[in-house]
Amino acid sequence: MTVDDGIEDEHWQDKLDALNAQVTKQGAHVRQLKKDGAPSDAIAEAVAALQELKISAETLHKEYSKEETFNRKAFDDLILRKMFVVPAFEIHGGVKGLYDLGPPACALKAAMIDIWRKHFVLNESMLEMECTCLTPEAVLKTSGHVDRFTDLMVKDPENGQCFRADKLLEDAIDNLLDENPTMPTAEKEDHLRIQRQADAYSPEELDEMLIKYDCKAPSGQAYSKSFPFNLMFRTSIGPEGTSVGYLRPETAQGLFVNFKRLLDANAQKMPFAAAQIGLGFRNEIAPRSGLLRVREFCMGEIEHFVNPKDKSHTNFSSVADKKLVLFGATDQLTSGKTKNISVGEAVRAGLINNETLAYFMARTQLFMERIGMDPTRCRFRQHLKTEMAHYAADCWDLEIQTSYGWVECVGHADRACYDLEVHAKQTNTPMLATLKLDKPQEIEIAKLKFNRKALGQAFKQDQRTVSGALEALAEDWEDFAPIAEGLEKNGKVTVDGFEVTSEMLTYTKNKKMVHEIKFTPSVIEPSFGIGRILYSLLEHSFYQRDFDEQRCVMMFKPEVAPQKCAVLPISSCPELNEVVDAIAADLMDSDLSTRVDKSSAALGRRYARSDEVGVPFAVTVDFETLVDGSVTVRERDSTVQVRLHKEEVAPLVFAFVHKKMSWEQAMHKYPVVTVDDGDEKTSDAAASTSNGKATVVVNTGRARFSRPAAKIQ
């Protein structure tokens with residue numbers, strides 16, 4: 001497939017959307033083929049078609065897109081130079097996938113988490129926990145993690161160094177093609193076909209391919225045979241080394257296993273939500289893209305427990321009109337276009353499965369907007385059927401557009417009853433909630449009569465387990481009906497892994513009056529990748545001044561900015577420094593983190609330093625301060641300044657940070673001034689907003705002083 005040369009500019013986006021839909025559809029087809037164990041030739045053909053579609057879409061985007069290019073070089077330089085994020089253990093050579101947050105990013109993350117708690121935990125009256133990072137094997141075996149997250153690995157037999165097998169094969173083919181630029185096209189395509197299905201090979205097939213392409217370990221020897229590698233960090237608990245544990249790959253399991261106690265803490269009331277913020281660990285084989293794929297990461301997870309037969313939300317009306325950009329599964333496979341609709345409309349149309357899921361999606365969008373994420377670069381993408389777990393009712397990812405493309409940052413999943421059921425079954429611990437009925441209700445149940453002799457002969461010590469499972473299903477005919485149907489049609493049925501035959505029990509369909517109904521709650525789970533959100537916010541906040549690309553700015557909102565205000569003396573004389581210290585102390589007493597810069601650098605340079613770390617406001621103490629006690633306050637993005645008394649600084653900045661006053665309101669309340677900081681363009685920008693009451697700070701060979709900008713009438 002090639003891009004049409006004659007495509008009209010105004011229709012290129014429609015063409016691109018259609019191509020992206022084809023890419024998504026073909027990708028789903030490839031995943032299904034791999035899942036079904038299709039022949040390698042069929043997979044290779046499907047992957048080749050997928051790659052061709054991707055190339056066509058990329059070519060079209062490059063040719064017609066008018067999007068501004070993100071200056072990654074300037075961004076990366078700023079992030080490292082200002083110590084937002086630095087490689088961990090750098091002086092020892094560093095470790096891939098491990099990063100340290102420097103002072104600005106540490107404060108930014110703390111502010112984000114504080115807002116997250118207020119926005120979700122406090123606002124929703126959630127129950128917050130802090131569970132251990134070290135998790136026993138039994139818990140993760142039950143959840144399925146021990147048997148998941150595996151990639152095929154090989155070892156260098158001489159030193160034991162491990163490598164991801166499919167990546168070695170891909171690299172070997174890349175090297176072969178680079179070394180043979182004149183290779184015939186047909187032969188080249190054969191190699192590329194093998195490369196494209198590298199991650200679909202069985203261990204035996206991968207071993208054969210590594211031999212075929214003469215892949216050697218760094219020691220020069222052949223690699224070991226491929227073996228599965230679990231992405232969890234395994235360790236032993238206790239000095240004996242007999243108890244196996246793992247560093248948790250997610251925080252959710254701690255909440256699930258504490259469900260009964262959480263329900264008691266909530267006075268048995270349903271629905272309710274539990275929340276946790278903490279670290280997760282995944283031993284990624286190939287960490288990349290900075291904070292987007294790392295081995296240690298911060299997560300914020302919410303588990304909202306709800307009646308599976310009533311997933312409405314009492315506060316849904318408060319967000320029903322909130323519009324979201326939704327990329328539904330059908331649209332991904334057909335038009336390739338998103339929909340901008342309210343969550344209320346999405347629920348009514350069946351696009352989002354239920355009110356509770358939609359409610360948290362809307363609340364997540366509001367959180368992102370509150371911390372300063374660009375809403376035009378946020379969307380919710382629905383999981384395709386080939387992506388969803390078999391037990392999930394609906395899943396939506398909040399994706400944020402960055403220079404790396406659309407990045408999944410928050411997952412919203414209706415996990416049904418799966419998590420509580422597996423832990424209940426494994427531990428014989430009922431994970432049930434109770435619905436008290438206003439009036440007694442008649443329900444249909446199954447009345448069972450067991451053939452204890454047949455059960456005992458068949459299941460021996462597991463007899464009670466089997467009968468208990470059947471009795472639990474018999475409490476509701478709707479749950480027991482599939483068992484009854486299987487026994488009638490086939491004479492046998494499988495219950496929790498045990499084969500039950502019709503000789504082992506008889507049953508009748510009865511009615512029963514009940515005053516309460518017990519049920520296993522469903523779980524609606526919003527899962528936040530704090531590190532990914534942090535990185536996306538850094539990108540969305542970065543820009544360069546129009547008049548000077550060397551002037552980089554982080555436009556953090558005051559509420560999340562690492563430092564809320566800078567205090568700068570216009571000169572380093574003791575009298576001015578004394579005022580600076582007093583203003584800084586007032587700000588700190590108001591719990592406003594403050595940056596003081598008394599260096600000898602030009603005022604404009606010190607403004608620029610504050611801009612680079614996203615300080616939203618800067619107070620300048622000048623010689624006029626010594627006369628009448630007034631100072632200037634500068635707003636970062638407009639560079640406009642107002643003049644006010646120094647005693648008003650702390651209350652004003654506090655009002656900005658807590659959204660009690662906007663900068664526009666401050667400009668109407670206080671006189672706007674123009675300060676010549678040595679940057680003419682900045683001064684002009686500020687002057688254009690002046691209300692005629694401006695003063696100007698002037699540099700001379702002898703001193704620096706302020707004067708009225710215009711004659712006072």
Side-chain angles (χ1 to χ4, degrees), residues 35-37 135-148 150 228 230 242-244 253 256-257 259-260 263 307-309 388-393 415-435 442-514 516-523:
K35 184 178 180 180
D36 295 341
T135 308
E137 183 179 40
V139 175
L140 295 169
K141 182 72 174 176
T142 300
S143 68
H145 285 87
V146 171
D147 300 320
R148 300 171 187 165
T150 58
N230 193 292
T242 55
S243 179
V244 176
Q253 299 306 317
F256 295 143
V257 299
F259 169 74
K260 287 190 67 177
L263 184 60
N307 189 330
K309 295 182 179 179
M388 275 199 292
H390 67 277
Y391 53 79
R415 298 175 60 89
C417 308
Y418 173 80
D419 300 285
L420 295 182
E421 285 180 341
V422 294
H423 285 294
K425 176 183 174 183
Q426 181 64 29
T427 62
N428 292 320
T429 303
M431 297 283 196
L432 300 174
T434 303
L435 173 64
E442 187 178 70
I443 63 170
E444 293 181 325
I445 64 169
K447 187 174 181 180
L448 307 182
K449 184 176 181 180
F450 293 107
N451 181 341
R452 296 292 178 182
K453 182 177 180 181
L455 281 174
Q457 289 176 343
F459 304 121
K460 297 181 173 59
Q461 69 271 21
D462 292 322
Q463 177 184 169
R464 288 187 178 181
T465 301
V466 177
S467 60
L470 288 166
E471 286 171 343
L473 293 169
E475 289 296 319
D476 188 334
W477 180 260
E478 188 176 320
D479 295 331
F480 189 79
I483 304 298
E485 183 179 354
L487 291 174
E488 289 176 7
K489 285 186 176 181
N490 307 314
K492 59 182 179 180
V493 69
T494 301
V495 178
D496 289 351
F498 298 97
E499 186 177 281
V500 178
T501 64
S502 55
E503 293 81 19
M504 297 176 183
L505 78 158
T506 57
Y507 57 87
T508 56
K509 186 176 181 181
N510 285 10
K511 292 183 178 181
K512 177 183 177 183
M513 296 297 293
V514 295
E516 62 182 28
I517 296 175
K518 293 190 178 294
F519 60 90
T520 301
S522 282
V523 177

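How far CD of E503 is from CG of L487: 9.5 Å, rounded to the nearest 0.5 Å. For the atom pair OH of Y507 and OG of S502, the computed distance is 9.0 Å after rounding to the nearest 0.5 Å. Rounding to the nearest 0.5 Å places CD of E444 at 12.5 Å from CG of D479. Rounded to the nearest 0.5 Å, atoms NE2 (H423) and CG (N428) are 14.0 Å apart. One finds the CG atom of L435 at 6.0 Å from the CG atom of N307 (value rounded to the nearest 0.5 Å). Expressed to the nearest 0.5 Å, how far OG of S467 lies from CE of M504 amounts to 12.0 Å.
For S243, the side chain to side chain donor-acceptor pair (under 3.5 Å) test picks out no residue, with sequence neighbours left out. Taking the salt bridge (charged side-chain N to carboxylate O under 4.0 Å, His left out) definition, one finds that K260 meets it with nothing, sequence neighbours left out.
Within a 6.0 Å sphere centred on CZ of R452, other residues, nucleotides and ligands contribute more than 12 heavy atoms. By the 6.0 Å contact criterion, CD on E478 is open, its count of non-hydrogen atoms from other residues, nucleotides or ligands being 12 or less.
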Please walk me through it: do V257 and T427 pass side chain to side chain contact (heavy atoms under 4.5 Å, CB included)?
CA-CA 10 Å; V257 299; T427 62; over 6 Å; no
Under the side chain to side chain contact (heavy atoms under 4.5 Å, CB included) rule, what do L470 and V466 come out as? Steps first, then yes or no, please.
CA-CA 6 Å; L470 288 166; V466 177; 4.1 Å; yes
Determine whether D419 and F259 satisfy the following criterion, side chain to side chain contact (heavy atoms under 4.5 Å, CB included), listing intermediate values before the conclusion.
CA-CA 11 Å; D419 300 285; F259 169 74; over 6 Å; no
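Of the residues V146, N230, D147, the one that meets the side chain to side chain contact (heavy atoms under 4.5 Å, CB included) test with L140 is V146.
The minimum heavy-atom distance linking V139 with Q253 is given by the pair CG1-CB, 4.1 Å. Nearest heavy atoms, R415 versus F256: NE-CZ, 4.3 Å. For the residue pair F480 and L448, the shortest heavy atom distance occurs at CZ-CD2, 3.7 Å. Counting all heavy atoms, side chain and backbone alike, E475 lies closest to I443 at O-CD1, 3.8 Å. For the pair T520 and C417, the tightest heavy-atom approach, listed with the atom from each and the gap, is O-SG, 3.2 Å. I483 approaches L473 most closely through the heavy-atom pair CG1-CD1, 3.9 Å.
Between F459 and F498, the ring planes lie perpendicular to each other; the angle is over 60°, past the 30° to 60° tilted range.
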